[in-house]
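I have placed the structure first, in the form of structure tokens, so that the comments after it can refer back to it.
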Amino acid sequence: MERRTPAATAKFSESAKDARAVAVAGVPLELAGSVLTVDLGALRENYRMLRARLGGAECAGVVKADGYGLGAVPVARALQAEGCRSFFVAHAAEALDLLPALSGDARVFVLNGLPPGAEEPCAAAGVIPVLNSLEQVAAWDGAASRRGERLPAAVQVDSGMSRMGLPPSEVALLAAEPARLERIDVVLAMSHLACADEPGNPANQEQRAAFERLRTLLPAARTSLANSSGVFLGGAYRYDLARPGAALYGINPTPGLANPMLPVVRLQSKVLQTREIGDGVGIGYGYASRARAAMRLATVSLGYADGWQRRAMGAAFHKGVRLPFAGRVSMDSIILDITALPPDTLHAGDLVDLIGPEQTVDDVAALAGTIGYEVLTSFGPRLHRRYPDSPSGLEVP
Ligand SMILES: *Cc1c(COP(=O)(O)O)cnc(C)c1O
């Protein structure tokens, strides 16, 4: 495959002879400005936790957008080692990249369905499109006809979100004209919840009722409604298969309540240099802040080009000590106020935490006025990526 996302392209080496060896990807550690650690052990534990909540229902893994920015291949392989068999990506290209990296029994569904012209490569590779419109149904049926075989697909119905899937009128038409699905094996009937992270929102019940009604109009198939937060809405939302993404990666699927998931991600940045400045001296672009007394600063090698949003003004941490940002976030660097640390604590090359024990992905999202999903999927190609798979995965040696 030619199209590869950065994490998938980089030499992703399975850990070798040394039991402590950790798979790495991205920029080599010595050359990188920042380090992203993805704890595959915690990811696996999160998968087991979700599966346990699902009773007998199947737990799929959503690995779209390069595994929410963390690396679709290492993430999907770790999930596969836990018994995960069904994977969801957004784009056909993502499915074509992922399939060869997985062992034989994996099924890869394409949530965004079939763009015109994608039928042949998708059918040839054995990916399973989520058919979202009558046009896509016809195109997939046409591909099956040309190939002289039946082709598997999921069918998505729009239960209220107005984003993707067949609206009720088109579902009714399919029911009236079953020949439209003659050459298609409907392996999954699905829909998606708009408000699953708000358990009290009546939209959840309404969407579930609409899904109940619409699925009976489709050929008998396994059913799926819940994303991460949907898994926590109770047994009525489980159906046959759940499609969690965010919760696997440690994002809180129950906002407002304690996060039931383990943290999976740690983001650390290297100190480039330190300095002392006197009272009144300007700091960073626009002199947006000025020293109010003598202070010590450290500049670290992470910026908005790496996915740390410019408006996410906050702090880094060193061994529990908070190091507030001083001045604006630059493209490639952030200046930290390290006056709280004893002199001579931090040196060039030392790592400070941006996401870690003191500050979660959801905390950083709040700083930026966004959601954890956007924080994770913003991580850029300049990071060194580590994929430990042990109980102490987030500890960097
Ligand atoms: C992204 C997505 C999911 C996963 O959602 P999370 O909130 O990350 O668990 C599931 N289903 C569909 C259709 C999606 O687009």
Side-chain angles (χ1 to χ4, degrees), residues 43 46-47 49-51 53-54 57-70 72 75-76 79 84 86-92 94-95 98 107-114 127-133 136 153-166 187-199 201 203-204 207-208 210-211 214-215 222-233 237-257 259-262 264-265 361-362 365 370-378:
L43 173 91
N46 285 342
Y47 179 81
M49 206 184 303
L50 291 167
R51 189 173 53 194
R53 286 197 74 91
L54 284 170
E58 181 180 350
C59 190
V62 180
V63 297
K64 60 194 180 187
D66 196 25
Y68 288 47
L70 303 183
V75 161
L79 295 176
C84 181
S86 299
F87 299 88
F88 287 81
V89 294
H91 289 209
E94 295 179 307
L98 181 60
R107 308 189 293 174
V108 180
F109 293 86
V110 178
L111 290 167
N112 283 13
L114 278 176
V127 310
I128 307 179
V130 175
L131 303 177
N132 287 315
S133 67
Q136 291 180 12
V155 173
Q156 176 157 228
V157 298
D158 179 11
S159 58
M161 190 178 176
S162 314
R163 185 179 69 167
M164 272 184 264
L166 283 80
V187 296
L188 193 69
M190 60 172 274
S191 193
H192 190 49
L193 295 167
C195 309
D197 57 343
E198 302 167 28
N201 194 320
N204 294 317
Q207 283 201 268
R208 203 177 71 77
F211 182 57
L214 294 170
R215 70 163 172 133
R222 300 176 75 226
T223 48
S224 175
L225 183 61
N227 66 338
S228 296
S229 295
V231 173
F232 293 83
L233 288 177
Y237 291 82
R238 282 179 197 155
Y239 291 96
D240 297 315
L241 177 148
R243 309 183 306 270
L248 291 170
Y249 310 111
I251 291 172
N252 188 357
T254 59
L257 301 176
N259 189 349
M261 313 314 296
L262 294 177
V264 170
V265 172
V361 172
D362 292 306
T370 183
I371 53 177
Y373 300 65
E374 191 179 8
V375 171
L376 296 188
T377 56
S378 298

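Numbering of ligands and ligand atoms starts at 1, following listing order.
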* What protein heavy atom sits nearest atom 1 (C) of ligand 1, and how far off is it? -> Lys64 NZ, 1.3 Å
* To do: Keeping the roles fixed (side chain from Asn46, backbone from Leu262), state whether a donor-acceptor pair exists under 3.5 Å.
  => yes
* To do: Under 4.0 Å, heavy atoms only, figure out whether ligand 1 is touched by the backbone of Pro244, its side chain, both or neither.
  => backbone
* To do: Using atom types as modelled and distance alone, determine if a side-chain donor or acceptor of Glu94 lies under 3.5 Å from a backbone N or O of Ala65.
  => yes
* Asked: Can you check whether Cys195's main-chain N or O pairs, donor with acceptor, with Glu198's side chain at less than 3.5 Å?
  -> no
* When you look for heavy atoms under 4.0 Å from ligand 1, do you find them on the side chain of Arg243, its backbone, both, or neither? -> both
* Electrostatic pair Glu58:Arg51 at N-O distance under 4.0 angstrom -> no
* Asked: Going by distance only, is there an N or O of Tyr68 that falls short of 3.5 Å from an N or O of ligand 1?
  -> yes
* List every atom of ligand 1 that sits less than 4.0 Å from any heavy atom of Ala246, numbering the atoms from 1 in the order shown and giving each element. => 6 (P), 8 (O), 9 (O)
* To do: Could you tell me whether Gly245 and ligand 1 have an N or O pair separated by under 3.5 Å?
  => yes
* Asked: To which of Asn227, Val89, Leu376 does the heavy atom nearest atom 5 (O) of ligand 1 belong?
  -> Asn227
* Member of Met164, Gln207, Arg243 meeting the side-chain contact (heavy atoms from CB on, under 4.5 Å) criterion with His192 -> Arg243
* Aromatic ring proximity Phe232/Tyr237, centre distance under 6.0 Å -> no
* Asked: Using heavy atoms and a threshold below 4.0 Å, how should the contact between Arg163 and ligand 1 be classified: side chain, backbone, both, or neither?
  -> side chain
* How many angstroms lie between atom CG of Asp197 and atom CG of Asn227, to the nearest 0.5 angstrom? -> 8.0 Å
* **Whether Arg238 side chain and Leu225 backbone form a donor-acceptor pair below 3.5 Å** => no
* To do: Check whether any N or O atom of Leu111, backbone or side chain, sits under 3.5 Å from an N or O atom of ligand 1, and answer yes or no.
  => no
* Structure fact -> When distances are taken from atom 7 (O) of ligand 1, the protein heavy atom at minimum range is Tyr373 OH, 2.6 Å
* Asked: For atom 9 (O) of ligand 1, which protein heavy atom lies nearest, and how many Å away is it?
  -> Ser228 OG, 2.5 Å
